[in-house]
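Inspection log for the structure reproduced underneath, given as structure tokens.
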Amino acid sequence: MVFSPHKPMALRFYNTLSQQLEDFTPSDGKTVRMYTCGPTVYNFVHIGNLRTFSFQDILRRWLRHRGFQLMHVMNITDVEDKIIRNAMQQGKTLQEYTAPYEAAFLEDTDALRLERPEKMVRATEHIQEMVEAIQGLEKRGFTYVSEGSTYYRISHFKEYGKLSHIDFSGQKSGARVDVDEYDKDDARDFVLWKARKDGEPAWETPLGAGRPGWHIECSVMAMKYLGDTLDIHTGGIDLCFPHHENEIAQSEALSGKPFARFWMHAEHLMVESQKMAKSLGNFYTLRDLLAKGFLPEAIRYLLVSVPYRKKLNFTFDGLKAAATSLERLRNYKLRLETDRFSPGLNAEIAEVTTRASAAFCEAMDDDLNTAEALGIVYEYVRETNTAMDAGQFLEGNIPGAQQLLALFDSVFDVMRPTAKGNSISDADVETLIAERTAAKKNRNFTRSDEIRDVLSERGIVLEDTKDGVRWKRK
Ligand code: AMP
Ligand code: ZN
């Protein structure tokens with residue numbers, strides 16, 4: 001029997017639930033049903049958040065490369081403690097307060113070329129389903145009511161702790177928590193339905209006037225669109241406990257079936273050994289970095305260059321190095337397109353190319369080892385650049401090299417430069433300027449200022465002259 005030296009290994013992922021690498025195929029063999037905990041839209045997301053979302057993008061692209069279809073759902077958390085507090089302070093409805101941040105999230109993820117999940121769903125549009133799920137839990141004896149709020153009794157769910165692998169046997173039961181953020185390693189009965197406090201926005205429901213807890217959102221939306229058992233559930237590592245543990249407790253108590261087959265968690269983006277976090281004030285938004293002149297592709301490159309289960313330390317030197325590496329790859333691509341090579345095919349180089357493609361795929365199959373995959377591409381570029389200098393790289397070797405780059409870029413997606421000025425067309429600029437002039441005439445200065453800001457963000461500078469508005473690109 002002859003073994004092929006490049007027999008593809010199985011696609012395998014590290015599953016937080018089993019704490020092991022496991023071979024992956026979707027349960028129906030075709031479509032991966034996947035859920036991602038989305039952003040809480042109370043502010044701009046930071047690049048730590050975007051690291052986790054970038055990992056999900058790489059995961060999506062590699063699953064598709066492996067021939068699977070995707071049904072990927074992401075929630076938008078648009079009701080939560082901080083949102084309520086900020087909206088009330090600013091005298092806005094929840095929707096008025098969250099809409100700009102939701103739009104900004106989509107802009108940021110677009111700039112980083114993150115594919116949109118097949119479905120993005122808002123928590124506030126699923127209140128009815130959440131109430132029904134809580135009533136289902138009530139029927140099964142998993143809830144109790146205290147001071148108008150409904151809580152989940154975790155001592156009734158025997159497997160509590162199976163995802164985070166924390167032993168909760170010594171915890172005293174009955175202690176409650178009803179804020180959306182709480183201490184690590186402290187298992188307490190969590191709130192499913194939170195009774196309304198003074199003046200808070202609330203929904204009138206059979207559970208009383210109030211709003212859903214954070215955890216029930218994800219269970220309900222995941223199961224509504226993906227069924228009782230998902231193929232993959234993803235999120236940042238900080239969500240593993242308590243959020244994901246609580247999602248399991250809710251969903252499995254309701255369905256009696258495993259909630260997700262694979263749990264994949266991305267490690268943190270760090271700054272000087274601390275997690276990048278809003279609360280620590282050590283964060284950068286994508287907008288901060290773009291304003292400093294960094295390319296979105298270089299930021300994407302940096303975020304995905306370290307395998308998702310390793311911490312990634314953010315530094316400006318690291319970001320500059322990412323930009324330089326990217327430049328090197330682009331120069332190589334240009335060289336393939338513009339240099340003159342002698343006719344013929346160098347069989348040895350063809351063999352190196354085939355091996356590099358296979359090794360790239362193996363690295364990605366190995367729990368998305370992006371660092372190794374990148375290393376393979378670099379080694380290939382180094383070797384073939386040397387061969388080009390020595391006149392050994394021949395015309396017939398071009399398509400193979402280009403295919404390898406295309407394979408790389410189908411996942412990394414960094415080779416194409418982003419159009420300048422955020423790609424707004426002249427015609428769109430003119431339309432917005434006309435709208436601004438009309439708004440000013442109607443003394444709608446909020447709208448006219450808004451349009452100026454929108455244009456400014458896209459690098460368009462306006463100058464009001466006595467002959468009308470002049471504009472230029474920055
Ligand atoms: P949040 O909006 O706070 O729920 O966070 C959105 C996503 O970003 C979640 O999956 C978090 O786990 C993730 N996240 C938060 N901080 C970081 C960080 N410093 N590095 C990587 N991911 C993070
Ligand atoms: Zn969630």
Side-chain angles (χ1 to χ4, degrees), residues 17 27 33 35 37 73 75 77-81 119 121-164 166 168-169 171-180 182 186-197 200-231 233 239-261 263:
L17 192 61
S27 55
R33 284 164 311 114
Y35 185 84
C37 295
V73 177
N75 69 301
T77 298
D78 58 352
V79 51
E80 176 265 0
D81 289 348
K119 234 178 185 355
V121 286
R122 297 190 189 99
T124 52
E125 289 168 4
H126 295 78
I127 303 291
Q128 174 66 25
E129 291 93 327
M130 293 180 210
V131 170
E132 284 162 18
I134 297 168
Q135 289 172 325
L137 289 170
E138 202 175 345
K139 252 193 238 130
R140 290 167 178 77
F142 283 92
T143 68
Y144 61 92
V145 175
S146 172
E147 293 169 24
S149 293
T150 306
Y151 293 86
Y152 187 100
R153 194 188 296 281
I154 61 173
S155 58
H156 275 210
F157 187 70
K158 296 297 168 232
E159 294 177 279
Y160 196 82
K162 69 177 173 180
L163 179 69
S164 49
I166 305 173
F168 293 113
S169 52
Q171 296 272 339
K172 73 176 191 298
S173 69
R176 292 187 306 273
V177 62
D178 61 3
V179 289
D180 288 324
Y182 43 109
D186 183 6
R188 287 188 279 170
D189 291 344
F190 57 89
V191 73
L192 294 162
W193 187 260
K194 232 172 141 160
R196 169 186 220 164
K197 283 201 236 88
E200 272 183 7
W203 284 265
E204 298 285 348
T205 74
L207 300 170
R211 59 151 182 114
W214 171 37
H215 312 296
I216 194 71
E217 280 181 22
C218 286
S219 282
V220 164
M221 291 189 274
M223 290 164 90
K224 170 165 179 175
Y225 296 105
L226 299 169
D228 289 343
T229 304
L230 328 177
D231 288 309
H233 194 311
L239 298 190
C240 180
F241 179 82
H243 182 52
H244 291 162
E245 201 72 71
N246 293 350
E247 280 188 37
I248 291 178
Q250 296 165 148
S251 299
E252 300 193 358
L254 278 170
S255 73
K257 296 183 201 148
F259 178 43
R261 296 170 54 231
W263 286 87

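This is a predicted model, so every value here is computed, not measured.
By the 4.5 Å heavy-atom criterion applied to side chains, Leu230 and Val73 are not counted as neighbours. You'll find the side chain of Met130 reaches within 4.5 Å of the side chain of Glu217, heavy atoms only. Taking 4.5 Å as the limit, every side-chain heavy atom of Trp203 sits out of range of all side-chain heavy atoms of Val131. Annotation: side chain of Trp193 is not in contact with side chain of Thr143 (no heavy-atom distance under 4.5 Å). Between Arg211 and Ile127 the shortest side-chain heavy-atom distance does not fall below 4.5 Å. With a 4.5 Å cut-off on side-chain heavy atoms, Arg196 and Glu204 count as touching.
Not one N or O on the side chain of Trp214 forms a donor-acceptor pair closer than 3.5 Å with the backbone of Glu80. Without hydrogens or angle criteria, Arg33 side chain to Thr229 main chain gives a donor-acceptor distance under 3.5 Å. Judged by distance alone, with hydrogens and angles left aside, the side-chain atoms of Glu129 form no donor-acceptor pair with the main-chain N or O of Val220 at under 3.5 Å. For Asn75 (side chain) and Cys218 (main-chain N/O), no donor-acceptor pair under 3.5 Å exists by modelled atom type.
For Ala222 against Phe259, the heavy-atom pair with the smallest separation is CB-CZ, 3.9 Å. A pairwise comparison of heavy atoms in Ser251 and Ser219 identifies OG-OG, 2.9 Å as the closest pair. In this structure, Glu247 and Cys37 approach most closely via the heavy-atom pair OE2-SG, 3.6 Å. Of all the heavy atoms in His215 and His243, the pair that sits closest is ND1-ND1, 2.9 Å. Counting all heavy atoms, side chain and backbone alike, Val79 lies closest to Ala123 at CG1-CB, 4.2 Å. Looking at every heavy atom in both residues, Ala260 comes nearest to Leu17 through O-CD2, 4.0 Å.
Among the candidates Lys257, Lys158, Arg140, Lys162, the single residue satisfying the salt bridge (charged side-chain N to carboxylate O under 4.0 Å, His left out) test with Glu252 is Lys162. For the ring-ring contact (aromatic ring centres under 6.0 Å, His included) criterion with Phe142, the lone passing option out of Phe190, Tyr152, Tyr151, Tyr160 is Tyr152.
Between atom NZ of residue Lys194 and atom CG of residue Leu207 there is a gap of 15.0 Å, rounded to the nearest 0.5 Å. Between atom CD of residue Glu245 and atom CG of residue Leu163 there is a gap of 5.0 Å, rounded to the nearest 0.5 Å. Here CD of Gln250 is found 4.0 Å from CD1 of Ile216. Values are rounded to the nearest 0.5 Å. In this structure, CE in Met223 is found 5.5 Å from CG in Leu254, a value given to the nearest 0.5 Å.
Salt bridge Asp189/Arg153: absent, no basic N to carboxylate O contact under 4.0 Å.
A donor and an acceptor atom, one from each side chain of Glu138 and Thr150, are nowhere located under 3.5 Å apart.
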